[in-house]
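Below, chains carry the letters A, B, ... as their sequence lines are ordered, and counting in each starts from 1. What's counted below: heavy atoms across the whole structure, side chains too, no hydrogens, waters or symmetry copies.
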Amino acid sequence: MPELPEVLHFKHYVESTSLNQSIGKAEILSDKVISNTTAEDFSKFLKGQTFKSASNYGKYLFLHSTGDRDLVMHFGMTGQPVYFKNEHKQQDYARAIFHFENGFKLAFDCAQMLGKLELIEDKKAFIQNKELGPDISSDEFDEETFLELMDSRRGMIKSSLMDQNLMAGIGNECSDEILFQARMHPKKKVNELNEDELRNLYDKIDMVVKTNLDCLDHDKELPDSFILKERSEGADCPDCVGTIAKITVGGRSGYFCPQCQHK
DNA sequence: AATATTGTTCAGCA
DNA sequence: GTGCTGAACAATAT
């Protein structure tokens, strides 16, 4: 479930389980998830390495190794890291497994096979190459930056929020929640938004990301005021008597309350 | 059985 | 260059 809050949660998960342990073996179960290099080179490099720290940028998770290359994980639509010891706890969809010398293992799990593992030499260059916008959880993404980014936009707000080249981290579900919290229609044109509306939107991005992350990290349910709790057609709006409707924006399915969220 | 799905990337067209 | 659509990628769940 990897949008930025999930990726940050995964970062915390990996930090608390998989750092500072020597990798005895890097097992590749599906070659398809390895990009940039061969499965053989990938395994060979990681054997004997140790993950020293983790960081993220947008939906990408970086595991910094003791060697001259770092591991990048991208989870696609259904990926997740799973730390375990006993084989019977192993997930069905592990595509790669890092075996640590203490007997524990970290699996790169991804049912849909849309996830990617990559070895890179330079994180900055990697980000530049992907042409990612500022990470929405970083200091770089301040309110003025957000206003500037939206300044030249003319399309629909939901599409802009999800555009990784504009700002990195918001996916389909988060964008629905942000727009619901701001009580804004997904198809609202960005150039029709005034400064107050944009500033409010910025605050909601921050709130949704922080709330989401807090719930994931502490295994809590989302607040009842969130549309993500009942994100399906015909569900009750958390705030009014309306029902949730489905809409297609930029080829993705969005859910919103037509009564609360106006154009 | 048909359809939908949390992401990315590319092609085509206005 | 921007914006929008559709497709491909692949597997699973309903």
State whether A:S253 places a side-chain N or O below 4.0 Å from either non-bridging phosphate oxygen (OP1 or OP2) of B:dT5.
-> yes
Take atom CG in A:N194; do more than 12 heavy atoms of anything else shown fall under 6.0 Å from it?
-> yes
Base, sugar-phosphate alone, or nothing: which one does A:M156 contact when heavy atoms must sit under 4.0 Å apart?
-> sugar-phosphate
Considering only C:dG3, B:dT8, C:dA11, which nucleotide approaches the side chain of A:Q164 most closely?
-> B:dT8
Can you tell me if the side-chain N/O atoms of A:H74 get under 4.0 Å from OP1 or OP2 in B:dG7?
-> no
Examine A:R95 relative to A:Y93 and say whether NZ or CZ is less than 6.0 Å from the centre of the six-membered ring and inside a 45° cone about the ring axis.
-> no
Reckon A:K246 touches a base, only the sugar-phosphate, or nothing at all at heavy-atom distances under 4.0 Å?
-> sugar-phosphate
Give A:S159 one of three labels, base, sugar-phosphate or nothing, depending on what nucleic acid heavy atoms sit under 4.0 Å from its own.
-> nothing
Whole-Å distance between B:dT6 P and A:L114 CG?
-> 12 Å
What integer distance in Å separates A:E131:CD from B:dC10:P?
-> 10 Å
Whole-Å gap separating P (B:dT8) and CD (A:E3) | 9 Å
Salt-bridge test for A:E40 and A:K44: reply yes if a basic N is under 4.0 Å from a carboxylate O, no otherwise.
-> no
Round to the nearest Å and state the distance from A:M162 atom CE to C:dC4 atom P.
-> 11 Å
Closest of C:dC4, C:dA13, B:dG7 to the A:K189 side chain is C:dC4
Length of the CG-C1' vector between A:L149 and C:dG3, whole Å = 17 Å
Should A:K59 and A:E3 count as an ion pair when the cut-off is N to O under 4.0 Å?
-> no
Could you tell me the separation between the CZ atom of A:R252 and the P atom of C:dG6, rounded to a whole number of Å?
-> 14 Å
Side-chain N or O of A:Y93 less than 4.0 angstrom from OP1 or OP2 on C:dA11?
-> no
For C:dG6 versus B:dT3, give the span between their P atoms, rounded off to a whole number of Å.
-> 15 Å
Would you say A:R231 reaches B:dT6's phosphate, i.e. side-chain N/O to OP1/OP2 under 4.0 Å?
-> yes
Atom P, compared across C:dA10 and B:dA1: separation rounded to whole Å = 22 Å
CZ/A:F51 to CG/A:D70 distance, rounded to the nearest 0.5 angstrom?
-> 9.5 Å
Report the residue (A:K130 or A:Y255) whose heavy-atom-nearest nucleotide on DNA chain B is the more 5′ of the two.
-> A:Y255
May I ask you to verify if any side-chain N or O of A:K32 is less than 4.0 angstrom from the OP1 or OP2 atom of C:dC9?
-> no
For B:dT6, what is the paired nucleotide under Watson-Crick or G-U wobble rules, both distances under 3.5 Å?
-> none
For A:K116, which contact category applies under a 4.0 Å heavy-atom criterion: base, sugar-phosphate, or nothing?
-> nothing
For A:E131, does the CD atom sit with more than 12 other heavy atoms under 6.0 Å from it, leaving out its own atoms?
-> no
Please report, rounded to the nearest Å, how far the C1' atom of B:dG7 is from the CZ atom of A:F75.
-> 13 Å
How long is the line joining CE of A:M77 and P of C:dC9, in whole Å?
-> 14 Å
